[in-house]
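A short worksheet on the structure shown next.
Throughout, a chain's letter reflects where its sequence line sits, starting with A, and its residues are numbered from 1. Keep in mind that this is a model prediction, so the values were computed, not measured.
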Amino acid sequence: MLSHDLLAWYADHRRDLPWRHTNDPYSIWVSEIMLQQTRVDTVLPYYKRFMARFPTAAALANATQEEVLKLWEGLGYYARARNLHRAAQIIVDRFDGHLPPLERELDRLPGIGRYTADALGAIAFDRDVLALEGNLRRVITRLFDLHLDPRLPEGEREIRRLGLTVMPPGRASEFNQALMDLGALICTPRAPACAECPIATHCIAHHNGTQEQLPFRKPRRPLPLRQSVAAVLHENERLLITRRPEAGLLGGLWGFPGGFITNGESNPLALSRVVKDQLGLEIVVDRPMPALSHTYTHFRAALQPFTCRVRSTSRHLRERGDVRWVKVEELDNVPMGKLDRMLATELERSPPWIAIAPPIERR
DNA sequence: GAGTCGTGGCC
DNA sequence: TGGCCAAGACT
């Protein structure tokens, strides 16, 4: 039987992961949020630090958002951290610090969608639900040789229906995680290791030789490039940083004032306008910027020292909660995205200047 | 339904 | 090396 073969393989080959050493729903929840669109190896050090600092929902709820973001810095998709923090506060206020066990309740919490609600239902609460994520979609698609796009509603419905037919009642936690490990270790997107697969004899795609072509995907549109600018403003030994809006790129993190350029403005003018809009500072640049390269992997090559003067600093800056002056060595103590950390590093070489960031390639 | 949101590893 | 992908959620 398929489930028997799968669970026997899982008993011998399951990955040893910190969140598999516990039945605590909070611990499993944190792992599920961190693992969204993020590889296990990337998550591990973040997870350990986070759980050491916030071992319970109450500990997380009592923290400041800034501290939560600081621990998340570098992990990406920062809305996850803000939503996790908010949800912890809701759980403390409305559920006495404990996650509700039903998917329809979990699904209402910020940052928890269909998948995470089902994963918690299955893994933390032993409920007979299928937690459909990338691995399960691919594995089930191949098992049944489905020629449907798994991301579209019709494909998802069919995957869920067929998956449930092979899930043994009462063992949803093991079964879901076994399929995840199978997808991560054996039934990989490219070059699946069918010779080592414990359920290859049950796999219709393997029988038909179609596993390499599945799951079917529509080609994606090419990604646009967007150009951004940032100002690095010195005052003696201090640097000006601002807190970014919660919505959008690197939301809630601290960084140098700046933004995306629109309408093909020349770079110095765009920078002047963005900084003026954000801070009320007049910036005077005294020579034009050179051409720039195309992705921020080439960031260092694109940086050009650039002399400038700040015409006026206004007192209202000091009163704004989203603006700070920090010493260079303190930059490590506020949550900033990677791009801005690179700017900070570059700044220490040749202050002061205004940096024009090359276009950001969206993914 | 399609865009947006990060980062790192892979070949 | 650049395009693709990874334990998705939200708008």
Side-chain angles (χ1 to χ4, degrees), chain A residues 14-15 17-20 28-47 69 72-84 86-87 106-124 129-139 149-156 173 175-185 187-192 215 217-226 244-253 255 260 293-299 335-342 360-363:
Chain A
R14 58 179 280 171
R15 290 175 288 180
L17 303 170
W19 46 90
R20 289 181 173 172
I28 296 170
W29 172 40
V30 172
S31 78
E32 288 298 342
I33 301 299
M34 286 191 174
L35 287 163
Q36 288 169 5
Q37 298 290 285
T38 309
R39 295 174 189 284
V40 166
D41 288 343
T42 303
V43 165
L44 284 173
Y46 284 89
Y47 182 77
L69 282 173
W72 211 272
E73 182 183 306
L75 192 55
Y77 287 134
Y78 299 96
R80 294 184 297 177
R82 300 193 304 273
N83 286 333
L84 185 67
R86 276 205 296 146
L106 292 164
D107 195 24
R108 293 199 188 103
L109 293 166
I112 299 185
R114 177 75 193 267
Y115 161 73
T116 303
D118 287 341
L120 284 169
I123 298 170
V129 292
L130 207 56
L132 277 193
E133 40 70 270
N135 289 305
L136 269 76
R137 287 199 193 91
R138 182 173 62 257
V139 171
D149 187 331
R151 293 172 303 178
L152 296 181
E154 185 191 358
E156 169 136 355
S173 176
F175 185 76
N176 278 288
Q177 294 185 83
L179 285 177
M180 291 179 198
D181 279 16
L182 190 74
L185 302 173
C187 194
T188 48
R190 285 170 303 184
R217 302 185 82 90
K218 268 189 292 190
R220 292 189 172 183
R221 294 192 309 107
L223 297 165
L225 295 178
R226 297 186 301 191
R244 306 171 63 100
E246 292 211 351
L249 186 71
L250 301 170
L253 301 189
F260 294 118
S293 66
H294 294 290
T295 73
Y296 74 64
T297 55
H298 301 130
F299 193 73
M336 299 200 301
K338 186 166 189 178
L339 181 63
D340 292 331
R341 283 208 300 273
M342 295 169 72
I360 291 176
E361 189 174 355
R362 291 278 315 115
R363 76 131 256 99

Inset, instruction - Please report, rounded to the nearest Å, how far the C1' atom of C:dG8 is from the CZ atom of A:Arg82. - result: 15 Å
Inset, instruction - Could you check whether A:Trp19 gets within reach of a base, just the sugar-phosphate, or nothing at all, counting any heavy atom under 4.0 Å? - result: base
Legend entry - Nucleotide C:dA6, atom P - distance to CG of A:Leu75 in whole Å: 17 Å
Legend entry - Base B:dC5 to side chain A:Arg80, donor-acceptor N/O within 3.5 Å cut-off: no
Legend entry - Exam field: side chain A:Arg14 to backbone A:Ala178, donor-acceptor pair closer than 3.5 Å: no
Legend entry - Distance-only donor-acceptor test, A:Thr38 side-chain atoms vs B:dG6 base atoms, 3.5 Å: yes
Inset, instruction - Using heavy atoms to find the nearest nucleotide of DNA chain B for A:Arg190 and A:Gly76 separately, return the residue whose nucleotide is more 5′. - result: A:Gly76
Inset, instruction - Take A:Leu132 and A:Arg39, find for each the nucleotide of DNA chain C with the closest heavy atom, and name the residue whose nucleotide sits nearer the 5' end. - result: A:Arg39
Legend entry - Of A:Thr42 and A:Gly248, the one whose closest DNA chain B nucleotide lies more 5': A:Gly248
Inset, instruction - Ignoring backbone atoms, establish whether A:Gln37 has a side-chain N or O less than 4.0 Å from OP1 or OP2 of C:dG8. - result: yes
Legend entry - Side-chain donor or acceptor of A:Arg244 paired with backbone N/O of A:Leu249 under 3.5 Å: yes
Legend entry - Rounded distance (Å) that lies between atom P of B:dC5 and atom CD of A:Glu246: 15 Å
Inset, instruction - Could you check whether A:Arg20 gets within reach of a base, just the sugar-phosphate, or nothing at all, counting any heavy atom under 4.0 Å? - result: base
Legend entry - side chain to side chain donor-acceptor pair (under 3.5 Å) between A:Arg80 and A:Asn83, intermediate numbers included: CA-CA 5 Å; A:Arg80 294 184 297 177; A:Asn83 286 333; over 6 Å; no
Inset, instruction - For A:Gly183, report the nucleic acid contact type (base, sugar-phosphate, nothing); a contact means any heavy atom under 4.0 Å. - result: nothing
Inset, instruction - Can you tell me, in whole Å, how much space there is between the P of C:dA9 and that of B:dG8? - result: 22 Å
Legend entry - Distance in angstrom units between A:Tyr77 OH and B:dG8 C1', rounded: 12 Å
Inset, instruction - Answer with base, sugar-phosphate or nothing: what part of the nucleic acid does A:Arg137 contact at a heavy-atom distance below 4.0 Å? - result: nothing
Legend entry - Phosphate contact (C:dA6 OP1 or OP2) by A:Arg138 side-chain N/O below 4.0 Å: yes
Expected rows: protein N/O vs nucleotides 9-11 of chain C N/O, under 3.5 Å:
{"from": "C:dA9", "atom 1": "OP1", "to": "A:Gly113", "atom 2": "N", "distance (Å)": "3.0"}
{"from": "C:dA9", "atom 1": "OP1", "to": "A:Thr116", "atom 2": "N", "distance (Å)": "3.0"}
{"from": "C:dA9", "atom 1": "OP1", "to": "A:Thr116", "atom 2": "OG1", "distance (Å)": "2.7"}
{"from": "C:dA9", "atom 1": "OP2", "to": "A:Tyr115", "atom 2": "N", "distance (Å)": "3.4"}
{"from": "C:dC10", "atom 1": "OP1", "to": "A:Gly111", "atom 2": "N", "distance (Å)": "2.3"}

Inset, instruction - Write down the distance between CD (A:Glu133) and C1' (C:dA6), rounded to a whole number of angstrom. - result: 10 Å
Legend entry - Among C:dG8, C:dC5, B:dG6, the one nearest A:Pro189 by side-chain distance: C:dC5
Legend entry - N or O in side chain of A:Tyr78 less than 4.0 angstrom from B:dT7 OP1/OP2: yes
Inset, instruction - Mind running side chain to side chain contact (heavy atoms under 4.5 Å, CB included) on A:Arg20 and A:Gln177 for me, showing each step along the way? - result: CA-CA 10 Å; A:Arg20 289 181 173 172; A:Gln177 294 185 83; 2.9 Å; yes
Inset, instruction - Take atom CE of A:Met34 and atom P of C:dG8, then tell me their distance rounded to the nearest Å. - result: 15 Å
Inset, instruction - Report yes if some heavy atom in the side chain of A:Thr116 is under 4.5 Å from a heavy atom in the side chain of A:Leu106; otherwise report no. - result: no
Inset, instruction - Using a strict cut-off of less than 4.0 Å between a Lys/Arg side-chain nitrogen and an Asp/Glu carboxylate oxygen, indicate whether A:Glu156 and A:Arg151 qualify as a salt bridge. - result: no
Inset, instruction - Quickly work out the A:Glu73 CD to B:dG6 C1' distance and round it to whole Å. - result: 13 Å
Legend entry - Pair A:Asp181 + A:Arg15, salt bridge at N-O below 4.0 Å: yes
Legend entry - Flag side-chain contact, heavy atom, 4.5 Å: A:Met34 against A:Trp72: yes
Legend entry - Interatomic distance, A:Arg244 CZ vs B:dC5 C1' [rounded to whole Å]: 12 Å
Inset, instruction - Check the side chains of A:Glu32 and A:Tyr115 for a donor-acceptor pair under 3.5 angstrom, ignoring hydrogens and angles. - result: yes
Inset, instruction - Taking A:Ser31 for its side chain and A:Trp29 for its backbone only, find out whether a donor-acceptor pair lies under 3.5 Å. - result: no
Tabulate atom names and distances for all N/O pairs under 3.5 angstrom spanning the protein and nucleotides 1-3 of chain B.
{"from": "B:dG3", "atom 1": "OP1", "to": "A:Arg221", "atom 2": "NE", "distance (Å)": "2.8"}
{"from": "B:dG3", "atom 1": "OP1", "to": "A:Arg221", "atom 2": "NH2", "distance (Å)": "3.4"}

Inset, instruction - Would you please indicate yes or no on a ring centroid separation below 6.0 angstrom for A:Trp19 and A:Tyr47? - result: yes
